[in-house]
Amino acid sequence: MITITEQKPIVVGVTARAFSIAAIAVLGAILFGSVGFSNIPAIHDATHDVRHTLSFPCH
């Protein structure tokens, strides 16, 4: 059995945090763009419906 006696906070630097945010934004843009402009009708329609649900203008 393992017991934890002391917990230390994880300190993340500003550079690492900024890099993480930028990486997530780029990944999101790639996913949104590739799925949103897909030639497969089922995928495009699903993304289209999500855009309308989120009140995001799409046309």
Side-chain angles (χ1 to χ4, degrees):
M1 185 167 149
I2 299 172
T3 58
I4 299 174
T5 57
E6 182 180 351
Q7 293 181 350
K8 295 181 181 179
I10 298 173
V11 179
V12 179
V14 175
T15 305
R17 187 174 296 182
F19 178 76
S20 297
I21 292 171
I24 290 170
V26 168
L27 179 63
I30 289 170
L31 287 173
F32 186 75
S34 63
V35 172
F37 296 108
S38 175
N39 289 327
I40 302 171
I43 294 174
H44 178 78
D45 292 343
T47 306
H48 189 106
D49 293 343
V50 170
R51 285 188 216 149
H52 282 292
T53 302
L54 297 174
S55 299
F56 188 79
C58 58
H59 46 111

Inset, instruction - Report, as yes or no, whether the 6.0 Å neighbourhood of atom CD1 on Ile40 holds more than 12 heavy atoms from other residues, nucleotides or ligands. - result: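 Open.
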Inset, instruction - State which residues pass side chain to side chain contact (heavy atoms under 4.5 Å, CB included) with Ile24; sequence neighbours excluded, sorted by chain then number. - result: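 Scan of Ile24 (side chain to side chain contact (heavy atoms under 4.5 Å, CB included), adjacent residues dropped) gives none.
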Legend entry - Partner of Arg17 by side-chain contact (heavy atoms from CB on, under 4.5 Å), out of Ile21, Val14, Thr15: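 For Arg17, the side-chain contact (heavy atoms from CB on, under 4.5 Å) test succeeds with only one of Ile21, Val14, Thr15, which is Ile21.
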